[in-house]
Engineer: 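I'd like to ask some things about the structure below.
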Amino acid sequence: MDEKQIELAAQIITSGGLVAFPTETVYGLGANALNPIAVAKIFELKERPSFDPLIVHIASIDALKMLTVNTDRIVFRLAEKFWPGPLTIVLPKSKLIPDIVTSGLSTVGIRIPDNEIALKLIRKANCPIAAPSANKFGQLSPVCAEHVKKQLPNIDFILDGGSTTVGIESTIISIEGNVCTLLRPGIITIDEIKNTLPESFSFNLNKPDKLISPGLMKSHYSPFKPLHIYDSEQMKLTQSSGLILHGKKDLISNGQKIIYTSHTYNPIEIAANLFSALHAMEDDETIKQIFIEPVVEVGLGIAIMDRVKKAAYKYQTKIQIT
Ligand code: TXA
Ligand code: MG
């Protein structure tokens, strides 16, 4: 990556514009988190409802001290263990963070991304960068620059860092007193987090009663065409069906297009290739409906199936089993 590109992107951020940039998870749509007008442009371009708060990306743990209040030592322990990396921690926010970033909540989600281009951009812009995934609200998350262009053709600037490595969004937790709540599963599992926190902590793995994180909505990350979970060999696959599989399978092929996210059920590979497979099926005009094989919901499988179920949710009642 040409340093001049990052320099230019940083100038766009400091002058109140928007830049799409790679992180290790998915591409983000970034603005200066301290500039409410710039942040408003994110909501406009993404067509994102104003009740859906943004994650703030920083490049050093020092910034965490400035952007949050009453931060417990334990949070720094988590940050040191998992950052830079795909863990977002939701904490009480300081006054520096404008309300528009957090949709009026008193908390803010923060992380240091594990991607050199993202870190250079944050350092050069010299401000925290608020960034949701760089897709239209509710649609598939982007894992390469082409996915961003497809959904956001009018964006000011895209830093093209190739394909992301993790492929699904960060794990999100909140820490309140001695309670850690999982708001969104990701590649960093709750067991890894448990091992880092003292035994006095309790863990809340269920959805909070009130909708405090729109990432918890049942429908999200959806392709334009019907997507069904392929959990029964009885499901009717026609030639216009696209099938996403995660391991080699003896299938009686009906001429359908098949995309493998992995050939060995390797969960890291499945996560990395999940959104690309969905985008490829979405882009293929010959495909009218997509079927995706489920994975076992343990470890990283929990985060994978979270995305798959949300992507398929709005189509689930229309399935035909013959
Ligand atoms: O990996 C990621 O997290 C990517 C990259 C770009 O960093 N970002 C991402 O952002 O996935 P987004 O906006 O698509 O999803 C962020 C989720 C939203 O569902 C939002 O509701 C939740 O984080 N969130 C942000 N701040 C929150 C807060 N203060 N309380 C609860 N949930 C929060
Ligand atoms: Mg998103």
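In each ligand, atom 1 is the first atom listed, and ligand 1 is the first ligand listed.
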Engineer: Out of G167, S133, G30, whose heavy atom sits nearest atom 12 (P) of ligand 1?
Structural biologist: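 Nearest option to atom 12 (P) of ligand 1, by heavy atoms: S133.
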Engineer: Please determine whether side-chain contact (heavy atoms from CB on, under 4.5 Å) holds for the pair F275 and E169, giving the CA-CA distance in whole Å, both sets of side-chain angles, and the decisive distance to 0.1 Å.
Structural biologist: CA-CA 10 Å; F275 280 119; E169 303 82 352; 3.7 Å; yes
Engineer: Nearest non-hydrogen atom to atom 25 (C) of ligand 1 belongs to which of P132, P53, A131, S106?
Structural biologist: P53
Engineer: Applying salt bridge (Lys or Arg N to Asp or Glu O under 4.0 Å) as the test, list every pair that has at least one member in residues 13-36; sequence neighbours left out.
Structural biologist: E24-R111
Engineer: Find all atoms of ligand 1 within a distance of less than 4.0 Å from any non-hydrogen atom belonging to I172, and give their numbers and elements.
Structural biologist: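 Those atoms are 17 (C), 22 (C), 23 (O).
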Engineer: Can you list every pair that meets salt bridge (Lys or Arg N to Asp or Glu O under 4.0 Å) and has a residue in residues 65-82, with sequence neighbours left out?
Structural biologist: D62-K65
Engineer: Let me have the donor-acceptor pairs involving side chains of residues 129-140, under 3.5 Å, with sequence neighbours excluded, atom names and distances please.
Structural biologist:
from	atom 1	to	atom 2	distance (Å)
S133	OG	N135	OD1	2.6
N135	OD1	K46	NZ	3.2
N135	ND2	Q139	O	3.0
K136	NZ	L45	O	3.4
K136	NZ	E47	OE2	3.0

Engineer: Would S174 and L183 satisfy side-chain contact (heavy atoms from CB on, under 4.5 Å), going step by step from the backbone distance to the final call?
Structural biologist: CA-CA 7 Å; S174 72; L183 297 174; 4.1 Å; yes
Engineer: Under a 4.0 angstrom heavy-atom cut-off, which atoms of ligand 1 come close to T25?
Structural biologist: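 Heavy-atom distances to T25 below 4.0 Å select 1 (O), 2 (C), 4 (C), 5 (C).
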Engineer: What atoms of ligand 1 come within less than 4.0 Å of a heavy atom belonging to S170?
Structural biologist: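 Per the distance check, 1 (O), 2 (C), 3 (O).
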Engineer: Under a 4.0 angstrom heavy-atom cut-off, which atoms of ligand 1 come close to H57?
Structural biologist: 5 (C), 6 (C), 7 (O)
Engineer: Among T181, D52, L105, which one puts a heavy atom closest to atom 18 (C) of ligand 1?
Structural biologist: D52
Engineer: Nearest 0.5 Å please: distance from the CD1 atom of I55 over to the CD1 atom of I89.
Structural biologist: 11.5 Å
Engineer: Using heavy atoms and a 4.0 Å limit, tell me yes or no: is R111 in contact with ligand 1?
Structural biologist: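 The answer is yes: ligand 1 sits under 4.0 Å from a heavy atom of R111.
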Engineer: Are Q289 and T238 packed together at the side-chain level, in the sense that at least one heavy-atom pair is separated by less than 4.5 angstrom?
Structural biologist: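 Yes, their side chains come closer than 4.5 Å.
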Engineer: How long is the span from the CD1 atom in I117 to the CD atom in E3, to the nearest 0.5 Å?
Structural biologist: 9.5 Å
Engineer: Can you list the ligand 1 atoms lying under 4.0 Å from a non-hydrogen atom of E169?
Structural biologist: 1 (O), 2 (C), 11 (O)
Engineer: Do any protein N, O or S atoms sit under 2.8 Å from the Mg ion (ligand 2), and which ones are they?
Structural biologist: S133 OG
Engineer: Please determine whether a side-chain nitrogen of the Lys or Arg among K150 and D283 lies less than 4.0 Å from a carboxylate oxygen of the Asp or Glu.
Structural biologist: yes
Engineer: Any side-chain heavy-atom pair from Q256 and F291 closer than 4.5 angstrom?
Structural biologist: no
Engineer: State, with a plain yes or no, whether a side-chain heavy atom of H147 is found less than 4.5 Å away from one of Y27.
Structural biologist: no
Engineer: In this structure, does ligand 1 have an atom that sits under 4.0 Å from one of the heavy atoms of R48?
Structural biologist: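 So R48 counts as touching ligand 1.
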Engineer: Tell me whether ligand 1 is touched by T107 - counting only heavy atoms on the residue side and a distance under 4.0 Å.
Structural biologist: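 Contact check T107 vs ligand 1: positive.
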Engineer: Report yes or no: does R184 have a heavy atom closer than 4.0 Å to ligand 1?
Structural biologist: yes
Engineer: Please round to the nearest 0.5 Å and tell me the distance separating atom CG of L64 and atom OG of S94.
Structural biologist: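 Reported value, rounded in 0.5 Å steps: 10.0 Å.
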